[in-house]
Amino acid sequence: MARQARTKEHRLRLEVLHEAVHSGCLDRDQRPSAYFFDLDAIELNARNLKLSSFPHTALHTFAVKANPLIEILKLVRKTGLGAEAASLGELEIALEAGFPPKAIVYDSPTKTRYEIRRALDVGVLLNADNLAEVEVIARELEDRPTCSPLGLRVNPQSGGGTISALATASARSKFGVAVGPNRKAIYRCFSRHRSFLSRIHVHTGSQGVGIAELAESAASVVRLAREVNDAAGCAVVRSVDVGGGLSVDYSSDSPRAHFDEYANRVAEILGSDLGDLEFDLVTEFGRSLICKSGFAASYVEYAKTAGEPGARIVAQHLGADTLLRTCYLPDDFPLRVFCASSSGESLETGREEDCVETDIAGPLCFAGDLVARNRMLPASLEPGSIVIVPDVGAYTTSMFSRYNSRPFPACYGFRGSAVGGVELEVLRREEDPRDLVRFWSKEP
Ligand SMILES: *Cc1c(COP(=O)(O)O)cnc(C)c1O
């Protein structure tokens, strides 16, 4: 832990924290916790994806559910990426952030007819989740011209990875058409609806699925697309959408996402350069594009001891509302915790004897509301100190919970380095009590 505290990524976090305390962006009374996003790192990661071994013509979309802050989406759009929306709400958010419809993929697993009509009217890339949905779309198209490229999501049943709650390609996954028992039905569906169906979609993920498995799944869908075209006797499928699902390393500051490794692996399995494929390629990465580019911070309010022998319990403001997945699935999503003084100086120490076994507790009325358990953390962590939780750029803001009606914290973007100093900008202001009352009111 002590060595990790000296990485350049962590030095930047401390610098941001220092600035946040100095400028009042983090304030013990008014704004005791906040999220911070590294805008340079987000841009760099998006650029790395665009310059990776995927064909330069590929449409890379960003999964909105990973982080739906509109200011972040605008930044992602400016780097030339599209957006992947998994609900009508996310679709509207993507449009608000300025993504052109032809750069938006819409793949909710459960769409109403109204939602389908809206997608067709806007002209986004629409993926049906199952064969029955294709028939619903076919009926809508009878009296509704659209420029939407339409696709079908399949489940290659390639395996579940290590986190069952996130497994989208297990044999019984709820997503897409299971290829095993439905191969012929998929051929027939594409043949019958060749006038509008032109895309095959898969998403294998998320965290916990290795590159080999992910690549195997993507390659199997390319093969399926070829089989469909062979069965139809013409090029019905023209685009293959391989989804997202690339895992990230939560245990260290290694921000590099392995886009090249993944693309090269798919090419290797298929035995050809991805640029030579007869299909347009689409990707939908979320976590790997943004997870490492965000951290959360909170003032410590209290510290007490409990248990035998006495372990320290540190009460602060990040919990199951702000870091939902870690609190509910602590073994699958353990997060690192760093400690800083009230002014943002590191408290990390290399000496075991200066550390105390600690639980980092959240503010909610529920016993599982712990960000970390049994961690050896500096004894000098005390009320008024600050805890820093890295790697919360993805699946944290979007999973915010209303339980206990605590305000959504302020979100800041930062740029800069150790040399030039950092600048913070507000990406979203924190909620206040009126926002909370409004949320639970008859007419919010
Ligand atoms: C969640 C999701 C993604 C993004 O997954 P990551 O693991 O964040 O890369 C892509 N496509 C679909 C359909 C999804 O549901």
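The analysis underlying the following values was restricted to heavy atoms, covering all of them including side chains, and did not include hydrogens, waters or symmetry mates. Just so it is clear, the model here is predicted, and its values are computed rather than measured. Counting convention: from 1, in listed order, for ligands and their atoms alike.
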Contact check: G243 vs ligand 1, nitrogen or oxygen atoms, below 3.5 angstrom: no
Any side-chain donor near an acceptor of the partner, E425 and Y412, under 3.5 Å: no
Backbone or side-chain N or O of S288 under 3.5 Å from ligand 1 N or O: no
D253-T7 side chain donor-acceptor pair, cut-off 3.5 Å: yes
Ring center gap for H60 and F54 short of 6.0 angstrom: yes
Minimum-distance pair of heavy atoms, taken over all atoms of L427 and F37: CD1-CD1, 3.8 Å
Centroid separation F36 to F414 less than 6.0 Å: no
Donor-acceptor pair between S33 and S298 side chains, under 3.5 angstrom: no
Protein residue, atom and distance nearest to atom 7 (O) of ligand 1, heavy-atom basis: S206 OG, 2.3 Å
Which segment of E284 sits under 4.0 Å of ligand 1 when only heavy atoms are counted: both
For atom 5 (O) of ligand 1, closest protein heavy-atom neighbour: H203 CE1, 3.2 Å
Salt-bridge contact E278-R226 (side-chain N to carboxylate O under 4.0 Å): yes
Those atoms of ligand 1 less than 4.0 Å from some heavy atom in A63: 3 (C), 4 (C)
Numbering as shown, the atoms of ligand 1 that approach R287 to under 4.0 Å (heavy-atom distance): 6 (P), 8 (O), 9 (O)
N-O pairing of E140 and R117 below 4.0 Å: yes
Contact (N/O only, under 3.5 Å) between K65 and ligand 1: yes
Where ligand 1 meets G244 - atom numbers and elements under 4.0 angstrom, heavy-atom basis: 9 (O), 10 (C)
Region of R153 that comes within reach of ligand 1 [heavy atoms, distance under 4.0 Å]: side chain
Side chain, backbone, both or neither: the part of A86 lying under 4.0 Å from ligand 1 by heavy atom: neither
Distance filter under 4.0 Å to F285 heavy atoms, resulting ligand 1 atoms: 9 (O)
Minimum heavy-atom distance between I386 and A297, given as atom pair plus value: CG2-CB, 4.1 Å
Heavy-atom gap Y395 to ligand 1 smaller than 4.0 Å: yes
